[in-house]
**Student:** 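Provided herewith is a single structure, encoded as structure tokens, for subsequent inquiry.
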Number of protein chains: 2
Amino acid sequence: MYTIGQISEMFHLPISTLRYYDKEGLFPDIERQSGIRQFSEKEVEALRVIECLKGSGLEIKDIKQFMVWVREGSATYAQRKQLFEDRRAAVEEEMRQLEKTLAMIRFKCWYYETALRDGNEDGISAMLPDHLPPEIQGLYDLGHS
Amino acid sequence: MYTIGQISEMFHLPISTLRYYDKEGLFPDIERQSGIRQFSEKEVEALRVIECLKGSGLEIKDIKQFMVWVREGSATYAQRKQLFEDRRAAVEEEMRQLEKTLAMIRFKCWYYETALRDGNEDGISAMLPDHLPPEIQGLYDLGHS
DNA sequence: GTAACACCTAAAGCTAACTTTAGGTCAAGC
DNA sequence: GCTTGACCTAAAGTTAGCTTTAGGTGTTAC
């Protein structure tokens with residue numbers, strides 16, 4: 001059993017955030033000793049799932065729904081499986097998006113390295129064909145900045 | 001030259017968002033014809049950079065700073081290069097984080113597939129050693145949910 | 001000439017996820 | 001017995017990034 005202060009240190013989360021999560025229903029079965037929250041292994045596991053789902057972009061109210069399903073037992077396995085499959089698709093899509101962003105950023109790094117070496121941006125259009133990653137072609141018709 | 005409505009369709013952004021970006025200083029050189037915004041190729045390119053920087057997690061006020069630097073010309077190449085290098089590091093870190101999240105999600109997908117097949121979660125602990133990706137070991141001491 | 005559009009502004013409103021504030025309980029140490 | 005420290009609540013406040021509202025302009029179509 002852990003106090004809220006111990007959990008706060010374990011997860012590097014402010015105490016106020018843990019209380020907020022509790023108020024939002026993310027620890028539906030948490031016990032109390034004369035008013036004081038007793039975090040058990042169950043809540044620790046819940047927090048690991050919370051971090052995962054939050055990291056995948058899920059909102060607090062939907063994480064709460066998941067916690068409700070957990071409490072409902074085996075009748076909700078299908079819903080919970082679906083939730084994680086949707087999360088998988090969402091995270092994979094986000095990673096694809098980040099790859100594109102990264103290609104653009106890498107190009108911009110090259111662009112400013114070159115501009116800095118030359119003292120201006122004027123010769124860059126001529127060098128572009130060799131340096132444009134395919135993701136950026138078509139994006140860069142003209143183009144300072 | 002494009003109207004705000006045309007740009008809205010090109011970028012799939014609401015007109016209100018474009019006006020908001022303008023108010024926040026993201027199109028510092030935009031021209032007007034009797035009050036009406038004239039989006040040129042310059043603003044189109046600005047929007048591509050905005051999408052990129054936003055996708056990398058940068059806040060609007062910092063994107064505005066970038067636009068100010070662009071207007072200041074060659075004196076700010078170094079700052080702009082640094083900005084994109086910081087973005088590269090941030091996006092790469094975010095992708096590493098997403099990989100971890102994805103490992104956990106994939107494990108959860110497997111977990112619920114198994115629970116659904118078995119009708120309960122009770123036999124899963126015994127199967128764990130073969131199915132835990134390394135990222136999740138140590139995380140999963142006990143653990144339903 | 002009037003109705004429909006596409007544009008404009010300023011200001012208020014909204015949402016999520018916290019954080020802060022104000023005030024209170026309780027146990028341990030001096 | 002009183003102060004310190006860790007816990008508690010309810011409610012108000014904060015921030016980013018929009019969105020909505022209310023009211024106005026200017027051009028084109030009938």
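For clarity, every value in this text was computed on a predicted model and none was experimentally measured. Only heavy atoms go into these numbers, but all of them, side chains included; no hydrogens, no water, no symmetry mates. Residue numbering restarts at 1 for every chain, and letters A, B, ... go by the order of the sequence lines.
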**Student:** I want to check something: taking the side chain as every heavy atom from C-beta on, are Leu13(B) and Ser8(B) in contact at a cut-off of under 4.5 Å?
**Tutor:**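 They are not in side-chain contact.
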
**Student:** Parallel, tilted or perpendicular, judged at 30° and 60°: which one describes the rings of Tyr112(B) and Phe66(A)?
**Tutor:**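 Aromatic pair Tyr112(B)/Phe66(A) classed perpendicular.
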
**Student:** Checking Arg106(A) against Glu92(B) for the salt bridge (charged side-chain N to carboxylate O under 4.0 Å, His left out) test, could you report, in this order, the C-alpha distance in whole Å, the side-chain angles of both residues, the deciding distance, and whether it holds?
**Tutor:** CA-CA 11 Å; Arg106(A) 281 202 250 260; Glu92(B) 281 166 356; 3.3 Å; yes

**Student:** So do Phe11(B) and Leu18(B) actually touch side chain to side chain, heavy atoms under 4.5 Å?
**Tutor:**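 With C-beta onward as the side chain, the pair stays apart.
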
**Student:** Under 4.0 angstrom, heavy atoms only, what part of the nucleic acid is Thr3(B) near: base, sugar-phosphate, or nothing?
**Tutor:**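 Here Thr3(B) touches the backbone only, sparing every base.
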
**Student:** Quick one: list whatever passes salt bridge (Lys or Arg N to Asp or Glu O under 4.0 Å) with Glu51(B), sequence neighbours left out.
**Tutor:**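 Listed in chain order: nothing, the list is empty.
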
**Student:** Counting C-beta onward and ignoring hydrogens, is there a side-chain heavy-atom pair between Arg87(B) and Thr101(A) closer than 4.5 Å?
**Tutor:**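 When only atoms from C-beta onward are counted, Thr101(A) and Arg87(B) do not touch, as no gap falls below 4.5 Å.
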
**Student:** Just to be sure I follow the notation: if a pair is Watson-Crick (purine N1 to pyrimidine N3 plus N6-O4 or O6-N4) or a G-U wobble (N1-O2 and O6-N3), each under 3.5 Å, what dot-bracket string does DNA chain D give, with | for pairs to another strand?
**Tutor:** ||||||||||||||||||||||||||||||

**Student:** Any residue in residues 9-29 of chain B with a heavy atom nearer than 4.0 angstrom to DNA chain C? Just list them by number, or reply none.
**Tutor:**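 Contacting residues: Ile15(B), Arg19(B).
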
**Student:** What is the separation between atom CD1 on Ile4(B) and atom C1' on dT19(D), rounded to the nearest whole Å?
**Tutor:**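 Between C1' of dT19(D) and CD1 of Ile4(B): 14 Å.
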
**Student:** Within a strict 4.5 Å, meaning less than it, do heavy atoms of the Met127(B) and Asp118(B) side chains meet?
**Tutor:**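 In short, these two side chains touch, coming nearer than 4.5 Å.
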
**Student:** Report the distance from atom CZ of Arg37(B) to atom P of dG26(D), rounded to the nearest whole Å.
**Tutor:**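 Taking CZ of Arg37(B) and P of dG26(D), I get 16 Å after rounding.
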
**Student:** Evaluate the side-chain proximity of Glu94(B) to Glu94(A): yes if any heavy-atom separation is below 4.5 Å, no if none is.
**Tutor:**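 Yes - at least one pair of side-chain heavy atoms lies under 4.5 Å apart.
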
**Student:** Is it true that a side-chain atom of Gln6(A) and a backbone atom of Thr3(A) form a donor plus acceptor pair closer than 3.5 Å?
**Tutor:**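 Confirmed, Gln6(A) side chain pairs with Thr3(A) backbone.
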
**Student:** What are the 5'-most and 3'-most nucleotides of DNA chain C lying under 4.0 Å from any heavy atom of chain A?
**Tutor:**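 The contact span of chain A on DNA chain C goes from dA17(C) to dT20(C).
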
**Student:** Distance check needed: dT28(D) P versus Ile36(B) CD1, whole Å only.
**Tutor:**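 Computing the Ile36(B):CD1 to dT28(D):P distance gives 11 Å.
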
**Student:** A side-chain contact here means heavy atoms from C-beta on lying under 4.5 Å apart; do Val49(B) and Val70(B) qualify?
**Tutor:**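 In short, these two side chains do not touch, never coming nearer than 4.5 Å.
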
**Student:** Looking at DNA chain C, which of residues 52-62 of chain B put a heavy atom within less than 4.0 Å of it?
**Tutor:**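 Those residues: none at all.
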
**Student:** Is Met1(A) linked to Ile4(A) within one hydrophobic cluster, defined over Ile, Leu, Val, Met, Phe, Trp and Tyr using a side-chain heavy-atom separation of less than 4.5 Å?
**Tutor:**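 Different clusters.
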
**Student:** When the side chains of residues 19-26 of chain A are checked against the rest of the protein, which donor-acceptor pairs come out under 3.5 Å, sequence neighbours left out?
**Tutor:**
from	atom 1	to	atom 2	distance (Å)
Asp22(A)	OD2	Arg32(A)	NH2	3.4
Asp22(A)	OD2	Arg37(A)	NH1	2.6

**Student:** Would you indicate whether the side-chain heavy atoms of Gln38(A) and Glu43(A) approach each other to under 4.5 Å?
**Tutor:**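 Not in contact.
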
